[in-house]
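First up is the structure itself, then whatever we jot down about it.
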Protein chains: 2
Amino acid sequence: MHDPSTCPGCAQPDLAFAPHDHTRCADDVLALAETQLAQGGQRLTPVRRRTLQILLEAHRAMGAYDVLERLAAEGFGHQPPVAYRALEFLEEHGLAHRIRRLNAFTACMHPGEIHAPAFLICRVCNVVAEAPGVAIGLALGQAAKKVGFTVERTTVEALGLCPACALAEGPVRGVA
Amino acid sequence: MHDPSTCPGCAQPDLAFAPHDHTRCADDVLALAETQLAQGGQRLTPVRRRTLQILLEAHRAMGAYDVLERLAAEGFGHQPPVAYRALEFLEEHGLAHRIRRLNAFTACMHPGEIHAPAFLICRVCNVVAEAPGVAIGLALGQAAKKVGFTVERTTVEALGLCPACALAEGPVRGVA
DNA sequence: TGTATGGTGTTATATCATAACATGTCAAGC
DNA sequence: GCTTGACATGTTATGATATAACACCATACA
């Protein structure tokens, strides 16, 4: 269940940042994921399902140990591999992404669509937005082609300031 | 001193991968770095200098602990912060890059030039090539601009197969 | 000469991730 | 029905990566 009261995106829609469309919030994505996996002969088991749900509910990047804590509290295993395995499974199947700069994971908001995601990470508030990465993927593919490199997966992340934090920080000159 | 006998790039020039130009090997880069830093009022101290040298000589991505081991063996400090501080300094000043997928660092082969580097990482032999990232940086900048995000630093990495490993692996069908 | 700054070193600890193995579950084939 | 194989989950234990906090020393400069 998507809870707007705890969702940073929903709570601050005026940010014009991380503009997520609610036509596809938690439940929808979850259903979609299940169908998609079944077609590939894969199973969305309880741990995996709950892990995805946790990421979707959090609506932000979470460390593996944060996810683990929640899983453990709900009766799943208490050891790191439990979380890592579920997260890796989700990532492999395009249902979650790893944010390397944060050593964290986030639910994919566009499962099934093209997957060369780019992430915008605010260095102040740590909010992560998934930007359309098609153009970037193309540019990267071209650069790789020139040297005969075969691209299989990409990591594209930008660190900087989200609009809100830029406003708060940007105008400052002589820091107090 | 650049030692071709231990340099993967030099040892396998026929790969057409990681085509590094020797007009700018270790010594040149080192000299350039010193000048560049001095202009910005920064110092290339012994640890920092030696760290850069180690990366240049290795001519491949190295973990912080690998670098530390070498530093320690040469009389510098033996604790992680020694390596991390030097590596972070170099990265901040565009003299080294962090390869997040490998949790490793590599010397920058084009100090002073534009810095939106993209890396091509072979998942078989782990060789890392720095590809021109200008087009990618532009695409990323545009995507960010659309949502009002200010980009400060970027991480662009592609995992895949270098030409040599693609040859060795690609044609295989029924794995033995 | 005092004092501020930056660099190097330390100890200790935090954080992230995986190897190796035991157990359970379920469907396919005998 | 039982066995077997594949896969999922759980464990213990350990490895690998990274940082906080503080002590010491040099240099620069008021």
Side-chain angles (χ1 to χ4, degrees), chain A residues 33-34 37-38 40-52 54-55 61-93 95-106 123 126 155 157 159 175, chain B residues 33-34 37-38 40-55 61-93 95-106 123 126 155 157 159:
Chain A
E34 202 136 15
L37 285 175
Q42 301 293 326
R43 298 161 51 202
L44 190 62
T45 61
V47 212
R48 292 170 180 172
R49 183 185 177 83
R50 190 61 194 121
T51 300
L52 179 52
I54 287 169
L55 289 181
M62 293 180 80
Y65 280 72
D66 296 331
V67 172
L68 176 60
E69 202 174 327
R70 308 232 8 213
L71 288 173
E74 296 175 23
F76 294 100
H78 291 234
Q79 305 306 323
V82 170
Y84 280 103
R85 281 195 290 236
L87 290 166
E88 268 153 32
F89 173 89
L90 294 174
E91 202 199 357
E92 264 166 30
H93 295 85
L95 299 169
H97 298 296
R98 191 168 193 146
I99 311 295
R100 301 208 92 102
R101 187 174 288 267
L102 303 178
N103 291 323
F105 299 82
T106 185
R123 71 165 153 79
N126 259 9
T155 301
E157 301 174 5
L159 187 73
V175 179
Chain B
E34 203 137 17
L37 285 175
Q42 302 292 326
R43 297 160 52 203
L44 188 63
T45 61
V47 211
R48 293 171 179 172
R49 183 185 177 84
R50 189 62 194 120
T51 299
L52 179 52
Q53 226 168 20
I54 286 169
L55 289 181
M62 293 180 80
Y65 280 74
D66 296 331
V67 172
L68 175 60
E69 202 174 327
R70 308 234 4 214
L71 287 173
E74 296 174 24
F76 294 101
H78 290 235
Q79 305 306 323
V82 171
Y84 280 102
R85 282 195 291 236
L87 290 166
E88 268 153 32
F89 174 88
L90 294 174
E91 202 199 357
E92 263 165 30
H93 294 85
L95 298 169
H97 298 297
R98 192 168 194 146
I99 311 294
R100 301 208 92 102
R101 188 174 287 267
L102 303 178
N103 290 323
F105 299 81
T106 186
R123 72 165 152 79
N126 260 9
T155 300
E157 301 174 6
L159 187 72

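Below, each value reflects all heavy atoms present in this structure, side chains not excepted, and no hydrogens, waters or symmetry copies. Throughout, a chain's letter reflects where its sequence line sits, starting with A, and its residues are numbered from 1. All figures in this text were calculated on a predicted structure; none of them were measured in a lab.
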B:Arg100 and A:Thr155 side chains, donor-acceptor separation under 3.5 Å: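 Note: A:Thr155 and B:Arg100 side chains miss the donor-acceptor criterion.
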
Contact string for nucleotides 5-22 of chain D, one letter per nucleotide 5' to 3', B = base within protein heavy-atom range under 4.0 Å, S = sugar-phosphate only, - = neither, reads ---SBBBB----BBBB--

For B:Arg101 and C:dA17, what is the distance between atoms CZ and C1' respectively, to the nearest whole Å?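 My rounded result for the distance is 15 Å.
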
Which heavy atom of A:Ile99 sits nearest to which heavy atom of A:Ala61, and what is that distance?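 Closest pair (atom of A:Ile99, atom of A:Ala61, distance): CG1-CB, 4.3 Å.
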
Answer yes or no: does atom CD of A:Glu69 have more than 12 heavy-atom neighbours from other residues, nucleotides or ligands under 6.0 Å?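 12 or below, so no.
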
How would you list, by chain and number, every residue that makes a ring pair (Phe, Tyr, Trp, His ring centres under 6.0 Å) with A:Phe76, sequence neighbours excluded?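 Not a single residue meets the ring pair (Phe, Tyr, Trp, His ring centres under 6.0 Å) criterion with A:Phe76.
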
So does B:Arg43 get a backbone contact from the side chain of B:Arg48, meaning a donor-acceptor N/O pair under 3.5 Å?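 Flag set: sc B:Arg48 to bb B:Arg43 pair under 3.5 Å.
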
